[in-house]
Amino acid sequence: MTLPPTAAIVLAAGMGTRMKSARPKVMHAVGGRPLVNHVVETLKAVNITKVVVVVGPGMDDVKAAVAPHTTVEQTERLGTGHAVLQAKAALKHFEGDIIIAYGDTPFVSAEAYMRLQTARAEVNGPKIVVMGFLPENPTGYGRLLIGPKGLERIVEEKDATPEEKRVRVCNSGIFAVEAATLWAMLAKVDKNNAKGEYYLTDIVTHARAADILCGVVHGEEDELLGINSRNDLASAEALFQNQMRRRALDGGATLLDPATTYFSADTVIGQDVEIGPHVMFGPGVTVENNVTIKGYCHIEGAKIRSGAQVGPFTRLRPGAVIGVDAHIGNFVEVKNASIEKGAKVNHLTYIGDARVGAGANVGAGVITANYDGFNKSHTDIGAGAAIGSNSVLVAPVKIGDGAITGAGAVVRKDVPANALVLNDSNQKVVEGFALKYRAQKKAQKEKAQKEKAKK
Ligand code: UD1
Ligand code: MG
């Protein structure tokens, strides 16, 4: 079967008052990705030629999040039918099928959208296909009234008779409709109903009146989970994390304590990767094969090349690239820096806006001073260099290949290859000072205590 071209309309105009947030509901994230982007990403996988997202007034952040997809604004919230209508102009010359999806329902799978497409494309089949489901608790959902010729009507809970309310097959809200039928039927929808809204669901009634067939495909409740509150968001995050953990395990990673490993939607984990407890992956992380990440690391926007070792207690920030077989240890922060093959940065160090050459060793407590309050500057550490403990590398600065900086060196000027850099501070030794010092301090303390006792 060849599928007709398909466009999608994603409804995302609701503010989501129950979220109690200044941010639009669909901008809240699951797995570090805004809800609406989950939907748009999934639609990508089902050959959608054009996506139009319907946003509310002032939702510039939603527009930016879904760019370069088209957005249209619904200035007044007059119902799902009205929301879909806002996308008509943007799809003026589009002929084919239109999928209607919800921006706050992030887990609908590509397979589910494809089932809708396939049912729609059946020869002499329905022009409107609705995804129905059997929720454990149907309260609040529209009910699908099905007859011998298929779907006859969708009745909203508020408009339903007691008998209609007993129907357990509910409307998920997700549709696939032939474009011409959608616009023709929407034009007939009015707001004579309990909510006084233009219901998208009424297109079914109008289609049946014109003897147009309507159909139902079934969806799974856990995919159709809509987010309305922070509690829903937390449950969705938990579900999503479990999925991601299973995916990492199935992909050949070892998670020492899976329940404490947190992934982002785009985290890529290779084979034979070992991850210790309490590791958090923010957006934009790729971990290649044979990497070990020990416990308590926070990693985002970073690439960890094969064989590298990271942690425990490492923070990798955006732009960190940890090279093949490199080691990054405890209380080390790396930002916008590349640590090349086999280099070691093992203790209490900040490496920002820098390159650490292959095989270099960075001692404990080293700081790249990359920020002067106005500009960020680059530090370049050559291959095989040895940076002594507590060195401060004041950027912009270049340490040549194989150079050594002494402990505590403050390096402000470039250092040639294989040179040693020390700051002039001769070591002064005062023999016996400590004994005299302690005796003096002890006497002072005793005198003070005696005076206190006299009072
Ligand atoms: C809708 C369906 C109902 C279905 C349920 C599934 C209608 C009339 N009812 O009801 O049959 O069981 O979803 O969850 O379609 N939206 C806009 N602009 C509007 C109104 C809504 O963008 O003017 C968006 C909302 O942000 C939301 C979606 O459309 O993402 C659904 O709207 P909502 O108000 O939640 O509809 P329900 O009453 O739940
Ligand atoms: Mg709803």
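Computed from a predicted structure; not experimentally measured. Just so you know, ligand 1 is whichever comes first in the structure, and atom 1 is the first atom listed for that ligand. What you see below is based on every heavy atom in this structure, not just the backbone, and it leaves out hydrogens, waters and symmetry mates.
- Contacts between L78 and ligand 1, counted as non-hydrogen atom pairs separated by less than 4.0 Å, involve the backbone only.
- For the pair R115/V129, no side-chain contact is recorded, criterion being any heavy-atom separation below 4.5 Å from C-beta on.
- Between L239 and N242, every side-chain heavy-atom pair lies at or beyond the 4.5 Å cut-off.
- When heavy-atom distances to ligand 1 are checked against a 4.0 Å cut-off, S172 comes that close only through its backbone atoms N, CA, C and O.
- Here atom 23 (O) of ligand 1 lies nearest to G79 when heavy atoms of G226, G16, A83, G79 are compared.
- At a heavy-atom cutoff of 4.0 Å, ligand 1 is contacted by the side chain of E156 but not by its backbone.
- Using a 4.0 Å cut-off between heavy atoms, K195 contacts ligand 1 through its side chain alone, with no backbone atom that close.
- Here's the thing with Y102: one of its N/O atoms is less than 3.5 angstrom from an N/O atom of ligand 1.
- Considering backbone and side-chain N/O atoms, G140 never comes within less than 3.5 Å of an N/O atom of ligand 1.
- Classified by interplanar angle (parallel below 30°, tilted 30° to 60°, perpendicular above 60°), the ring pair F107/H38 is perpendicular.
- In this structure the side chain of L200 never reaches within 4.5 angstrom of the side chain of H82, judged on heavy atoms.
- For the pair A13 and ligand 1, the shortest N or O to N or O distance falls below 3.5 Å.
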Determine, step by step, whether M59 and E73 satisfy the side-chain contact (heavy atoms from CB on, under 4.5 Å) criterion, reporting the C-alpha distance in whole Å, the side-chain angles of both residues, the deciding distance to 0.1 Å, and the verdict.
CA-CA 9 Å; M59 291 190 185; E73 215 170 277; over 6 Å; no

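- The shortest distance between side-chain heavy atoms of N47 and L3 does not fall below 4.5 Å.
- For atom 35 (O) of ligand 1, no protein heavy-atom neighbour is present inside the 4.0 Å cut-off.
- Considering backbone and side-chain atoms alike, I154 places every N or O at 3.5 Å or more from each N or O of ligand 1.
- More than 12 non-hydrogen atoms from other residues, nucleotides or ligands lie less than 6.0 angstrom from CG of D257.
- Counting heavy atoms under 4.0 Å from ligand 1, residue L11 touches it through both backbone and side chain.
- Ring geometry, F313 versus F331: the interplanar angle falls under 30°, so the pair is classed parallel (tilted spans 30 to 60°).
- Looking at N137 and T139, their side chains do bring a donor and an acceptor atom within 3.5 Å of each other.
- Closer than 4.0 Å to atom 39 (O) of ligand 1 lies none of the heavy atoms of the protein.
- For ligand 1, the atoms closer than 4.0 angstrom to any heavy atom of D104 are 30 (O).
- Considering backbone and side-chain atoms alike, G142 places an N or O below 3.5 Å from some N or O of ligand 1.
- A side chain to side chain contact (heavy atoms under 4.5 Å, CB included) with I99 holds for exactly one of I9, V51, I48, V10; it is I48.
- Relative ring orientation between F133 and Y141 is described as perpendicular, the plane-to-plane angle rising above 60° on a 0-90° scale split at 30° and 60°.
- At least one N or O atom of R77 sits closer than 3.5 Å to an N or O atom of ligand 1.
- Within the set I174, N171, T80, L200, the minimum heavy-atom distance to atom 5 (C) of ligand 1 is found for N171.
- Under a 4.0 Å heavy-atom criterion, C170 is not in contact with ligand 1.
- Not a single heavy atom of H82 sits under 4.0 Å from any atom of ligand 1.
- Counting heavy atoms from C-beta on, the side chains of L11 and V84 come closer than 4.5 Å.
- Where the criterion is an N or O separation shorter than 3.5 Å, residue side chain and backbone included, T201 fails it with respect to ligand 1.
- Residue Y199 approaches ligand 1 through these ligand atoms, each under 4.0 Å from one of its heavy atoms: 8 (C).
- When Q74, K25, M131, M15 are checked for heavy-atom proximity to atom 18 (N) of ligand 1, Q74 turns out nearest.
- For R245 and Y262, the positive end sits near the middle of the six-membered ring, less than 6.0 Å away and at most 45° from its axis.
- Shortest contact from atom 26 (O) of ligand 1 to any protein heavy atom: G14 N, 3.1 Å.
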